[in-house]
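Heads up: the structure comes next, in structure tokens.
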Amino acid sequence: MPLSGFKFGKKKLKEEERHLQANNRDFNLEFEYANNSIKTSKYNFFTFLPLNLFEQFQRIANAYFLFLLILQLIPQVSSLSWFTTVVPLVLVLTVSGVKDAIDDFNRHKSDNHVNNRPVQVLINGRLKDDKWMNIQVGDIIKLENNNFVTADLLLLSSSEPHSLTYIETAELDGETNLKVKQALTVTAELGENLQKLTDFNGEVKCEAPNNKLDKFTGTLILRGEKFALDNEKMLLRGCTIRNTEWCFGLVIYAGPDTKLMQNCGKTAFKRTSIDRLMNVLVLVIFAFLALMCFILAIGNGIWEHDKGYYFQVYLPWATGVNSAAYSGFLMFWSYVIILNTVVPISLYVSVEIIRLGNSFYIDWDRKMYYPLNDTPAQARTTTLNEELGQIKYIFSDKTGTLTQNIMAFNKCSINGKSYGDVYDVAGQRTEITEHTEKVDFSYNQLADPKFVFYDHSLVEAVKLDDAATHGFFRLLSLCHTVMPEEKKEGNLVYQAQSPDEGALVTAARNFGFVFRARTPETITVVEMGETKVYELLAILDFNNVRKRMSVIVRSPEGDLTLYCKGADTIVYELLESSCGPLKEETMEHLNEFAGEGLRTLVVAYKNLQEDYFQEWQKRHHEASTALDGREEKLSELYEEIEKDLMLLGATAIEDKLQDGVPQTIETLTKAHIKIWVLTGDKQETAVNIGYSCNLLHDDMKDVFIIEGNTSEEVLDELRTARKKMNPDSFLDSDEIIKFENPSTKSRILPEEQANGVYGLVINGHSLAYALEGNLELELVRTACMCKVVICCRVTPLQKAQVVELVKKYKKAVTLAIGDGANDVSMIKTAHIGVGISGQEGMQAVLSSDFSFAQFRYLQRLLLVHGRWSYIRMCKFLRYFFYKNFAFTLVHFWYGFFSGFSAQTVYDQWFITLYNLVYTSLPVLGMSLFDQDVDDRWSMQFPHLYEPGQQNRYFNKIEFVKCVLHGTYSSLILFFIPYGAMYDTVRSDGKAIADYQSFALMAQTCLLIVVSVQIGLDTAYWTAVNQFFIWGSLSLYFAIIFTMYSDGMYLIFTASFPFIGTARNTLSQPNVWLAIFLSIILCVLPVVGGRFLKAQLIPTVSDKVLRKIRAAKKRPPPPLPKTRLRRTSTRRSGYAFSHQHGFGALIMSGRNMRPKLPFTTTGTFSPNSEKNRHK
Amino acid sequence: MAVNYNAKEEADGHPSGVGAPGGAGKSRKPDNTAFKQQRLPAWQPILTAGTVLPAFFIIGLIFIPIGIGIFVTSNNIREYEIDYTGTDSSSPCNKCLNVSWNSTPPCTCTINFTLDQPFETNVFMYYGLSNFYQNHRRYVKSRDDSQLNGDNSSLLHPSKECEPYSTSENKPIAPCGAIANSMFNDTLELFRIDNETRIPITLNKKGIAWWTDKNVKFRNPSGNTNNLTALFQGTTKPVNWPKPVYMLDSEADNNGFINEDFIVWMRTAALPTFRKLYRLIERKNNLQPTLQAGKYSLDITYNYPVHSFDGRKRMILSTISWMGGKNPFLGIAYITVGSICFFLGVVLLVIHHKYGNRNTSADIPN
């Protein structure tokens, strides 16, 4: 847009390297770096009018009207008074201008809000309170706990040991776990000594501002020494300081240069498919208009030549016109003015109003409001509503979208006994409902009140001092890398790196094995009320290859034990042979757990010999200090000690689905929406969730798994799958050659039908091959035949690529839904982006078009709001084109009887007011209130969604139908009054076939006909609709009687020449007879046609309507949700969800305070707490 | 510049104080109103056989009688028309065919005709013009309503719309414009020939214009005097006119701009073929028809040239009914539409019986 052009134009050179010096404003000012004030607003008080007008006239419709206005100023051409164009144009400009002004005002307000936030800045050796916007590059500022980071800072020092600083980056990348940043040692020494900080004069040279959140390179030059700077030392704007009392930072990038602002960038302007169709149609209409004007101009030329030339005795040619051809040329433009209403300017305004209205309904919907975090649904983009009714593909994120990202300790198997199910008196397993009695943990004062468990037998076992059970929970309380925080005594908060671990430790805590505190060397556990301090000897940390972690501890009694937990497949290999029978029992339980979609872990232990361990530890120390091959040596050592383990049992953690996810997916599938899950998770986890949320099910004919490691393998797998789904579609290796040429890029592929229901799972690395140029076609063809596609281990970029792929090859509307920063790319790419305003920060929501709190609201958004919006928009467009063609073409017919002189049929005031006053409200009423069936039926019959997907209610054919219908009506509207008026007189013998009476009659006919037509189109007559339709008609009569009255004529003689026409004409019976005849002739064919269509080729909605009519009531409320349980067995290959453990950090003690366990400073992040809430 | 960044949300959008519904501040829960929840009570009509089929039959049943009524009424209207343009060489007016404005002495011709049936009620005498484009855009706007409304400044400064008939010999034209300039100025006189004697028939020239036109729209200029000549001082007559506007009639209330012939002419016709009321022939008493059957003669003072552009001139005598003049169109249209409706009703009924039930039972995938 033009503004950005100005802005960047001012900047003299593109910045290539940033150079700055701390505490030296004069030096830094030389470079004219942006300061920290941000500006998202477009206008100020003085620039608003010119800039806004300039922008508005860039829209085709507005420019077109300006052009018409100029045409009208040419006297030879002007066929209408100036006001017929000016009034609508001014109205349209005003409405849009006011909307822009309000938007910009809000942006100003929010800019001010952010710019005026306070921050402490170090100036002349003293901390001074200042506003954000006054911060300059090179300033040193102080941030305190829970503060927002003001700009992109280089961390200098902090209150924590080793100048660690904890930040939450939810705003930035959506991750809720805390991240650690650490300052350079040389700057950490500065501490909070203001004098030292003031004297600090380090120079920083670093890269120019960019939008890479995870990358930063630069050097700090201090006293001639160079220090490398990387991302680990940067605090980025948008983060929040947590768990750190204070820290100092040096401003590197400020305001618009910060990574956050650089990332916000410009959003691609999304348009709906109807928008694009409308643009095409407007061009078609332009062509049509030109054709009509051309015909009429030719007609005029001929007429002037044959008749007009001779008629000059009474009507000389206009000055300057000396030939019939020239007259025809002028008449072309005159007719352009008259017939301009086929491209109605009010169309665009009305479309915007309708979309805005329908967006408000989304904001207002109580059924999409989530009370738990007080989040209503929000339509952030108000121009995409009708596209919600046309979705064919949904691309969904998994974590946080389908699942809650809450891990609940759900079941466990201890020593061959399974716990977690609830049985009734008869010994039958029962469903867990809200009324099921929860286990009472009140005996344990340190228990987490939010933890819920239903099986009482496990508590009994713990209370009975069952050794295996105690061992099991002791393991859970010891073998992990969780950090505890106990601000008040007894109020324990765990900071876990992965929610799974948190869940396990919390479970142990509630069952009486409370992990209370840790130091680098010890772990304090309160075991059944008794405090025990274990000596922590080693953490054998998790990684993706090992898929397990172990700790080696020495109990207070002096026993050496290795505790291990890990993926079942891995740990089972390491068990001692004596575990045989237990192994089998546990395996059964594991299968059962996995079948319910739970994430499983196997836990085991091993008692160690003191001397062996001493020796091992020595080697371990050597290995960990080795200079080369450290990793390999360590993992060899780990493997050596982690064997011959004794099986303790297994845990099952429920990756809790969001409420109603399976039901929602079922409904959406019925609506023929294809759902693709794109997740960063592992294949096993993803498949498991696929089953538990009903995406995949055992009725599917097959679920293909694509996991090839070369492009040939992937191709082969894709083709095999496609061959199986539809042998006919397989044409031997044809496309691959043809499509290697990337220039043939946008080919729309036809729909291909599979011979059954299939699913497809594709792995991240295979996807990378499949997305390469020559394979993408294979991928699209195969994947689109499947009902469900799950892509695992995909990167954010791949998510966007997959969406792009479908957009490119399929003529389908796509929707992406996600909640995290990793979904932003896909949300921005898809036609519609939906953000889940959940716990993973705001990035997804900020870039989304619609947002709400729960995945299940998606079905309401699409099936109810989307469908209604689509139907309303289509009805609106059909009617709008119809009414304008009916209105305008009458002039065309009249041309043949008025010497092609660009004489209008109607009064000029009628032309001015027709679209703005007489017909605007009824059609708006319809487009805001209409519904064919109510919301419950819409959800009950997802099939009603299909016409939208197939674009059936408004397309080129429908448009042609509207035009033909309009043409037919215009013929009726011209020739019925013509016939009725021909050579006739009033009942008192006086004139009635005069121009004014004819105009009045034609316009009255037209208005009543289009009002009846809107009545026919309205399916849902609310009081408002009635009021609008009747009101508009009454208003019409009121206005004509006023405008044609004596008083108006005597005051504005030149403007209202139609004096007396209304009362002289409308009192005549033959006028009314003609009006009535026109109505019947215009309307009856429509009624008959619709009736016949419903009888002979009923659509789904016709059938549903009929059925509802028969039922005559609202559908029953949906059945209470039942928990879906599958009986099939699935192997869960779950491991931890985090990449690399905190182990090293814990063992080094770097993140510990000296005086544990009770620290007083800093509030630990409430995040872990937060997660468990929901 | 579409910057997708809302600074406010950076601050306030942060998930704060989670899990505290109804906590501090008011809840953002939307209002539970029928309007916002789209539950407004509504009437939902749909097209069913029960409404559509009766509609067709009823419309058919209503239209046919109305149509017959209109048709009969229209047929009962007496109408007699004479084309006196004189293009035919046998026509008495042929000699006047190439007459020009202001020819002196005026060309006159007489056409004799016979009425076979008497005209019982009031008779209206029209002149009709064909191929005369009174609805041409430039023609229609070539007038100055303010001037015609008696506005004194417009009288002397006619609107630009009147060009090229706004001034003549450096004087403003009153009334200005092409419409006024081309005013029909043939004089028609009607005689009944009773045993070779010509009995003139009284032709009433007042009451032929709309009341609003005569009393509101058209007004003579105002001044201290009632003398129209003085009031129109400083203006000149339209080019084609033989006399100025204040000499159109001898009677004061039918002279100047409020001359009814002038007013009637100024109400431009919608179509190139039109008729305009010329004179009224009122029924004198109940014993005699207004115009009895017999011979008549029409004396024409032929001033108005139409031959150059193939125009035609007619004289029409007509009675009228409650629905105006003779016009068979509406009656025939009503009968036709009514019949078609009825027929379509039958067709739809058959289709409904044959196919309608087949689909009602069809299953809807749930």
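So you know, we letter chains A, B, ... as the sequences are listed, proteins then strands, and number each from 1. None of the values given here were measured: they were computed from a predicted structure.
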Going by the angle between their ring planes, with limits at 30° and 60°, are [X] and [Y] parallel, tilted or perpendicular?
X: B:Phe35; Y: A:Tyr361; result: perpendicular
X: B:Phe309; Y: A:Tyr314; result: perpendicular
X: B:Tyr139; Y: A:Phe311; result: tilted
X: B:Tyr133; Y: A:Trp303; result: perpendicular

Point to revise | Distance (rounded to the nearest 0.5 Å) between A:Met981 CE and B:Asn327 CG | key: 10.0 Å
Exercise for review: Drop me the distance from A:Tyr982's OH to B:Leu271's CG, to the nearest 0.5 angstrom.
Suggested key: 8.0 Å
Pairs of heavy atoms under 4.5 Å with chain B: top-ranked of [options]:
options: A:Phe900, A:Trp317, A:Phe360; answer: A:Trp317
options: A:Leu1084, A:Leu1092, A:Val1087; answer: A:Leu1084
options: A:Gly1088, A:Pro75, A:Ala1054, A:Pro316; answer: A:Pro316
options: A:Thr1018, A:Asn1025, A:Ile976; answer: A:Ile976
options: A:Gly899, A:Gly1060, A:Ala980; answer: A:Ala980
options: A:Thr375, A:Thr319, A:Asp988; answer: A:Asp988

Contacting region of [X] [heavy-atom separation from chain B under 4.5 Å]:
X: A:Ala993; value: backbone
X: A:Thr904; value: neither
X: A:Gln931; value: both
X: A:Tyr1049; value: side chain
X: A:Asp932; value: backbone
X: A:Pro1069; value: side chain
X: A:Ala999; value: neither

Is it true that the side chains of [X] and [Y] contain a donor and an acceptor less than 3.5 Å apart?
X: A:Asn1064; Y: B:Thr212; answer: yes
X: B:Ser27; Y: A:Tyr369; answer: yes
X: A:Arg366; Y: B:Gln37; answer: no

Check your understanding: Within the side chain of A:Lys990, is there an N or O that forms a donor-acceptor pair under 3.5 Å with the backbone of B:Ala209?
Key ->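 Looks like yes, one N/O pair under 3.5 Å.
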Review point. Under the 3.5 angstrom rule, does the side chain of B:Trp210 hit a backbone N or O of A:Ala991 as a donor-acceptor pair?
Key: yes
Interface moiety of [X] toward chain A, non-hydrogen atoms closer than 4.5 Å:
X: B:Asn32; result: both
X: B:Pro328; result: neither
X: B:Pro41; result: backbone
X: B:Ile70; result: side chain
X: B:Leu53; result: side chain
X: B:Leu40; result: both
X: B:Lys217; result: both
X: B:Lys141; result: side chain
X: B:Asp145; result: both
X: B:Ser321; result: backbone

Practice item. Let me see the working for B:Asn149 and A:Leu1050 under side chain to side chain contact (heavy atoms under 4.5 Å, CB included), right down to the final yes or no. Key: CA-CA 8 Å; B:Asn149 196 231; A:Leu1050 294 178; 3.6 Å; yes
Closest non-hydrogen atom pair, [X] against [Y]:
X: B:Leu330; Y: A:Leu1073; value: CD1-CB, 4.1 Å
X: B:Arg267; Y: A:Ile1059; value: NH2-O, 4.0 Å
X: A:Leu315; Y: B:Ala178; value: CD1-CB, 4.1 Å
X: A:Asp363; Y: B:Pro30; value: O-CG, 3.7 Å
X: B:Gly325; Y: A:Thr984; value: N-OG1, 3.6 Å

Practice item. Show your reasoning for whether side chain to side chain contact (heavy atoms under 4.5 Å, CB included) applies to A:Trp364 and B:Gln38. Key: CA-CA 9 Å; A:Trp364 287 334; B:Gln38 305 198 64; over 6 Å; no
Check whether any side-chain heavy atom of [X] lies under 4.5 Å from a side-chain heavy atom of [Y], and answer yes or no.
X: A:Asp994; Y: B:Phe274; result: no
X: B:Val337; Y: A:Ile1080; result: yes
X: B:His352; Y: A:Phe1091; result: yes

Review point. Would A:Asp983 and B:Arg314 pass as an ion pair if we require N to O under 4.0 Å?
Key: yes
Check your understanding: Do B:Phe63 and A:Phe1076 make the cut of ring centroids closer than 6.0 angstrom?
Key -> yes
Exercise for review: Check step by step if side chain to side chain contact (heavy atoms under 4.5 Å, CB included) holds for B:Asp310 and A:Lys307.
Suggested key: CA-CA 8 Å; B:Asp310 278 338; A:Lys307 294 187 176 163; over 6 Å; no
Option in [options] with maximal non-hydrogen atom pairs under 4.5 Å from chain A:
options: B:Tyr304, B:Tyr165, B:Phe124; result: B:Tyr304
options: B:Ile59, B:Leu344, B:Val347, B:Asp213; result: B:Ile59
options: B:Glu161, B:Arg219, B:Arg275; result: B:Arg275
options: B:Leu47, B:Val216, B:Asn215; result: B:Val216
options: B:Asp31, B:Thr33, B:Ile316; result: B:Asp31

**Study point:** Other residues, nucleotides, ligands: >12 heavy atoms within 6.0 Å of A:Tyr309 OH
**Key:** no
Check your understanding: Could you go step by step and tell me if B:Arg137 and A:Met331 meet the side chain to side chain contact (heavy atoms under 4.5 Å, CB included) rule?
Key -> CA-CA 11 Å; B:Arg137 177 169 56 89; A:Met331 221 44 82; 3.5 Å; yes
